[in-house]
Q: 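I have a structure here, written as structure tokens, and I will follow up with some questions on it.
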Amino acid sequence: MQNQKPTSKIMQFTLISLTIFSVSSIVSSKSTIEPCSTTNTCNAMVGYTLYTDLKVSEVASLFGIDPISLLTANSIDISYPDVENHILPSKLFLKIPLICSCIDGIRKSVSTHYKSRPSDTLSTISELIYGGLVSADQIQEVNSIDDPNVLDVGMNLVVPLPCTCFNNTDNNLPAIYLSYVVQPVDTLAAIASVYQTTLTDLMNVNSMGSTAISPGDILSVPLSACASNFPKYASDYGLIVPNGSYAISASHCVQCSCAAAGRNLYCTPATLAVSCSSMQCRGSNLMLGNVTMQQSSAGCNVTSCSYDGFVNGTILTTLSASLQPRCPGPPQFPTVFPPPTTATRESIYAPASAPSPSQSEGPGGSGLPGSIVGLPPLGSFPASGPGSMSSGSATSDSSVVNPSTGFHLAFTFVTLVLCILARHHF
């Protein structure tokens, strides 16, 4: 029987290894998902860190978006000479604007395509090139790839990216949602502080029972914004602009800005405007963005020419007049920056340390209803939206895979197995 003991030990060691591997699979990155049942789309964003130096046009091509929309989303000056060929530095964090659709009952963006290169694997595409915003399994599934180890050069791959809409509101105010990949230096409080939301709100949006997060998790972060009120037949219907940035619309003819702490969208002729339809308000000599004010004993008579959407190549304007208690101040514009040449922690990147509770907790985190209907390959936080429940609770049709719970379970189980083996003189 002694000659069987080494075999027994090998079998026990193999069992331990398989057990550790199986249990550790519980500890995986998660993404907040939003169930959906309609065909409507919304504006959303993903946070992306450059894996190497890239031109503005190359980053835009990587996500299939207009370079101008990339620049405006990050408050970069589009009038900078040859700005589309400006080289952005590696490790720079950018906000990438995307259209969020409803695909197979879950919100995601499928407008991004990638052409495979000789050295590519699904893992390098997902983890390196797209910074963990998507998993290799998700790319394999959406492209119906039978063998993930066989990737032909030049394959046109759909890259499904995470996104959420939540009706583009947060606490009943306009918001656009950023899908953010948690970094090793991050804490939930620090993320909330950087994006000027509350810890409670962030937890409610992502249906989190605790503040525990792990590198690779993908959180849905609400960004305060200015919303448009264009008619549904306008091509830019639903335009929403995050605080501190701007957007170009109407075939590059109109610039709509949202001040750092503003809620009102202010639109003017764009600096890129070349050949555009009339921007004059009918029945007046006011042009788009013009405001006149006249003080009287009754108050301030305000007349303005506002943008009302882009329809069949025509810029719609609206002339409005109102009597206000006092004359408003001049419109506020976001600060616009030249294209960055270096990447620093201050480049919109979340700080490592958490702010004090008084900084991270603000009044009232609440929000939109939602539930989870399924788990993507990497697990998920069920998306509930802020305020539909108290922090840490979940609806009956929700399911949470918590990273810290998985780790503790794996650690406890492995410790138990090792103790048993030690008792038997393994």
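Since the structure is predicted, the reported quantities are computational estimates derived from the model, not experimental observations.
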Q: Ignoring hydrogens, what is the shortest heavy-atom contact between P242 and M45? Give both atom names and the distance.
A: CG-CE, 3.6 Å
Q: Would F230 and F310 count as a close aromatic pair, with their ring centres under 6.0 Å?
A: no
Q: Are side-chain heavy atoms of L62 and I96 found at a separation under 4.5 Å?
A: no
Q: Which is it for C305 and C281 under the disulfide bond (SG atoms under 2.5 Å apart) test, yes or no, and what are the steps along the way?
A: CA-CA 6 Å; C305 180; C281 270; 2.1 Å; yes
Q: Could you check whether any side-chain N or O of N143 sits under 3.5 Å from a backbone N or O of I145, counting only pairs where one atom can act as donor and the other as acceptor?
A: no
Q: May I ask you to check whether over 12 heavy atoms, not counting those of N264, lie within 6.0 Å of atom CG?
A: no
Q: Which value, rounded to the nearest 0.5 Å, describes the distance between L88 atom CG and I76 atom CD1?
A: 6.0 Å
Q: Checking the side chain of T317 only, and the main-chain atoms of Y307 only, is there a donor and an acceptor separated by less than 3.5 Å?
A: no
Q: Between E141 and D137, is there a side-chain heavy-atom distance shorter than 4.5 Å?
A: no
Q: With a 4.5 Å limit on heavy-atom distance, are the side chains of S116 and L151 in contact?
A: yes
Q: Can you measure from CE (M203) to OG1 (T197) and round to the nearest 0.5 angstrom?
A: 12.5 Å
Q: Dump the intermediate steps for side-chain contact (heavy atoms from CB on, under 4.5 Å) on I99 and S109, then the final yes or no.
A: CA-CA 6 Å; I99 298 298; S109 175; 5.6 Å; no
Q: Do N85 and S57 come close enough that some side-chain heavy atom pair is under 4.5 Å?
A: yes
Q: Which pair of non-hydrogen atoms, one from P340 and one from H86, has the smallest distance, and what is that distance?
A: O-NE2, 2.9 Å
Q: Walk me through it: do L219 and L188 pass the test side-chain contact (heavy atoms from CB on, under 4.5 Å)?
A: CA-CA 10 Å; L219 300 175; L188 196 66; 3.6 Å; yes
Q: Looking only at non-hydrogen atoms, find the nearest pair between A44 and T164 and report the distance.
A: CB-O, 3.8 Å
Q: Working to the nearest 0.5 Å, report the span between CG of N206 and CG of D201.
A: 9.5 Å
Q: Could you list all the side-chain hydrogen bond (donor to acceptor under 3.5 Å, both in side chains) pairs where at least one residue sits in residues 39-48, not counting sequence neighbours?
A: T38-N40, N40-R107
Q: Is there a donor-acceptor pair closer than 3.5 Å between any side-chain N or O of Q255 and the backbone N or O of Y246?
A: no
Q: Which heavy-atom pair separates S245 from P334 by the least distance, and what is that distance?
A: O-CG, 3.4 Å
Q: Can you measure from CG (L70) to CD (E84) and round to the nearest 0.5 angstrom?
A: 10.0 Å
Q: Tell me whether D236 contacts the main-chain N or O of G309 through its side chain, where contact means a donor paired with an acceptor under 3.5 Å.
A: no
Q: Quick one: OH on Y180 to OG on S31, what's the gap to the nearest 0.5 Å?
A: 14.5 Å
Q: Where the side chain of S214 meets the backbone of D217, is there a donor-acceptor pair that is under 3.5 Å apart?
A: no
Q: Just wondering, do D120 and Y114 contact through their side chains at under 4.5 Å, heavy atoms?
A: yes
Q: Nearest 0.5 angstrom please: L122 CG to S135 OG, how far?
A: 9.5 Å
Q: Quick one: are L133 and V159 in side-chain contact, heavy atoms under 4.5 Å?
A: no
Q: Quick check: closest heavy atoms across S224 and R263, and the distance to 0.1 Å?
A: OG-NH2, 3.4 Å
Q: List the steps, then state whether side-chain contact (heavy atoms from CB on, under 4.5 Å) holds for T211 with T187.
A: CA-CA 8 Å; T211 59; T187 65; over 6 Å; no
Q: Look at the SG atom of C42 and the SG atom of C100, then say if they are under 2.5 Å from each other.
A: no
Q: Say whether, by atom type as modelled, one donor and one acceptor occur between the side chain of D77 and the main chain of P338 under 3.5 angstrom.
A: no
Q: Apply side chain to side chain donor-acceptor pair (under 3.5 Å) to residues S320 and S304 and explain how you reach the verdict.
A: CA-CA 5 Å; S320 60; S304 61; 3.0 Å; yes
Q: In this structure, which one of V46, V181, T112 forms a side-chain contact (heavy atoms from CB on, under 4.5 Å) with Y130?
A: T112
Q: Do T314 and N312 have side-chain atoms, one donor and one acceptor, less than 3.5 Å apart?
A: no
Q: Taking atom CD1 of I87 as the centre, does the number of heavy atoms from other residues, nucleotides or ligands within less than 6.0 Å exceed 12?
A: no
Q: Quick one: are the C256 and C267 sulfurs under 2.5 Å apart?
A: yes
Q: Is there a donor-acceptor contact under 3.5 Å from the side chain of Q138 to the main chain of P160?
A: no
Q: Identify the two heavy atoms, one from V142 and one from V158, that lie closest to each other, and give their separation to 0.1 Å.
A: CG1-O, 3.5 Å
Q: Between S75 (side chain) and G244 (backbone), is there a donor-acceptor pair under 3.5 Å?
A: yes
Q: Please tell me if the side chains of I65 and P97 come closer than 4.5 Å, counting only heavy atoms from C-beta onward.
A: yes
Q: Do Q196 side-chain atoms and V194 backbone N/O form a donor-acceptor pair below 3.5 Å?
A: no
Q: Would V221 and L202 count as a side-chain contact (heavy atoms from CB on, under 4.5 Å) if you check the C-alpha gap in whole Å, the side-chain angles of each, and the deciding distance to 0.1 Å?
A: CA-CA 7 Å; V221 181; L202 198 53; 4.0 Å; yes
Q: Can you check whether S179 reaches Y177 side chain to side chain, under 4.5 Å on heavy atoms?
A: no
Q: For D308 and L316, indicate whether the former's side chain and the latter's backbone hold a donor-acceptor pair under 3.5 Å.
A: no
